[in-house]
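Below is one structure, written out as structure tokens; the observations come after it.
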Amino acid sequence: MKNIQSKLTQNPSDFVLLADYVPGVVQEIRYYSTYNFIGDRINGYEEPCALLTKEAARALISASNELMVQGYRLKVFDAYRPVSAVKHFILWGLEDQDIRMKPYFYPDLKKNELFEKGYIAKQSSHSRGSTVDLTLLDMATGKEVDMGCPFDFFGEVSHPDFKGITEEQYANRMMLRRVMLRSGFQPFEYEWWHFTLEDEPYPDTYFEFPVSAEYLRR
């Protein structure tokens with residue numbers, strides 16, 4: 001494992017508000033809300049906005065433009081995630097006995113299995129600033145495209161190549177995957193919604209500043 005302390009910085013100079021780069025993007029920042037697998041707002045999320053490195057934001061412009069031609073908009077659940085948020089996850093997993101959100105996000109797993117099976121990382125690519133969690137929004141209906149399971153559902157059904165869903169749901173996943181690959185992002189084997197910029201600018205650096213538009217303007 002990399003030594004996170006030697007690669008930790010609070011400098012947000014290369015980060016941008018995603019909405020400034022992709023005006024049509026829809027945002028539902030789950031970790032700012034209480035509707036997430038813990039059930040509380042997560043440490044470090046001071047505003048419900050998506051932040052990314054400039055490079056990742058530029059790459060998402062390409063994905064957004066391609067999808068809008070097909071009648072879809074990107075809907076983002078999470079982007080940059082502070083190291084403090086990851087620590088919140090870890091402490092919850094190790095010490096907190098609260099499982100109130102289990103029926104909604106991990107009904108078939110025990111808390112410790114979320115880490116053992118790789119669903120929650122003790123060191124997240126999100127903290128490097130070029131990873132995004134997203135889905136598609138159908139512009140005709142205004143609803144999320146059916147991907148077979150919701151964002152942050154922990155189980156085999158969330159694996160992108162899981163075949164125990166309908167053909168339409170699987171096709172929807174593959175459509176998102178193809179567009180993100182063409183735009184320079186790499187998928188994650190456990191989560192259909194998770195993509196990391198292949199040529200990320202900070203592959204060994206983890207950031208610790210709040211998710212806050214105000215903070216970027218300082």
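Values reported hereafter were calculated over all heavy atoms of this structure, with side chains retained and with hydrogens, waters and symmetry mates removed. Counting begins at 1 with the first residue of the sequence.
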Which is it for Leu109 and Leu114 under the side-chain contact (heavy atoms from CB on, under 4.5 Å) test, yes or no, and what are the steps along the way? CA-CA 7 Å; Leu109 297 173; Leu114 302 182; 3.9 Å; yes

Pick one: which of Phe77, Phe153, Phe154 meets ring pair (Phe, Tyr, Trp, His ring centres under 6.0 Å) with Phe37?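 Looking at Phe77, Phe153, Phe154, the match for Phe37 under the ring pair (Phe, Tyr, Trp, His ring centres under 6.0 Å) is Phe154.
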
For the residue pair [X] and [Y], what are the closest heavy atoms and their distance?
X      : Y      : answer
Ser183 : Ala59  : O-CB, 3.4 Å
Leu181 : Pro187 : CD2-CD, 3.8 Å
Thr196 : Ser125 : OG1-OG, 3.7 Å
Phe188 : Gly118 : CZ-O, 3.8 Å

Within 45° of the six-membered ring axis of Trp92 and under 6.0 Å from that ring's centre, is NZ or CZ of Lys111 located there? yes

Check whether Phe151 forms a cation-pi arrangement with Arg30 (NZ or CZ under 6.0 Å from the six-membered ring centre, at most 45° off the ring normal). no

If you measure from [atom1] on [X] to [atom2] on [Y], what distance do you get to the nearest 0.5 Å?
X      : Y      : atom1 : atom2 : value
Glu200 : Arg128 : CD    : CZ    : 4.0 Å
Glu113 : Ile120 : CD    : CD1   : 11.5 Å
Leu67  : Tyr72  : CG    : OH    : 9.0 Å
Ser127 : Lys87  : OG    : NZ    : 10.0 Å
Phe162 : Cys149 : CZ    : SG    : 9.0 Å
Ile61  : Glu66  : CD1   : CD    : 14.0 Å

With Asp152, the side chain to side chain donor-acceptor pair (under 3.5 Å) member among Tyr31, Tyr35, Tyr119: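 The option that passes is Tyr31.
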
Min side-chain heavy-atom separation [X]-[Y] under 4.5 Å:
X      : Y      : value
Asp146 : Ile165 : no
Glu198 : Phe185 : no
Glu189 : Asp161 : no
Leu197 : Glu55  : yes
Val83  : Phe207 : no
Tyr80  : Val211 : yes
Arg81  : Ile42  : no
Pro201 : Asp14  : yes

With distance as the sole test, does [X] use its side chain to make a donor-acceptor pair with the main-chain N or O of [Y] at under 3.5 Å?
X      : Y      : result
Ser158 : Tyr190 : yes
Arg73  : Gly24  : yes
Arg182 : Arg177 : no
Arg173 : Met147 : yes

Hphob cluster co-occupancy, [X] + [Y], side-chain heavy atoms under 4.5 angstrom:
X      : Y      : result
Ile99  : Leu94  : yes
Tyr21  : Phe15  : yes
Val157 : Trp192 : no
Ile38  : Trp193 : yes

Any side-chain donor-acceptor pair under 3.5 Å between [X] and [Y]?
X      : Y      : value
Ser212 : Glu47  : yes
Asn172 : Glu168 : no
His88  : Asp40  : no
Thr9   : Asn11  : no

Hey, is CD on Gln70 packed in by over 12 heavy atoms from elsewhere, all under 6.0 Å? yes

Given the rule in the side-chain hydrogen bond (donor to acceptor under 3.5 Å, both in side chains) test, do His194 and Asp78 qualify, once you have shown the distances and angles that lead to the verdict? CA-CA 9 Å; His194 178 120; Asp78 194 32; over 6 Å; no

Is a salt bridge present between Lys75 and Asp138, judged by a nitrogen-to-oxygen distance below 4.0 Å? no

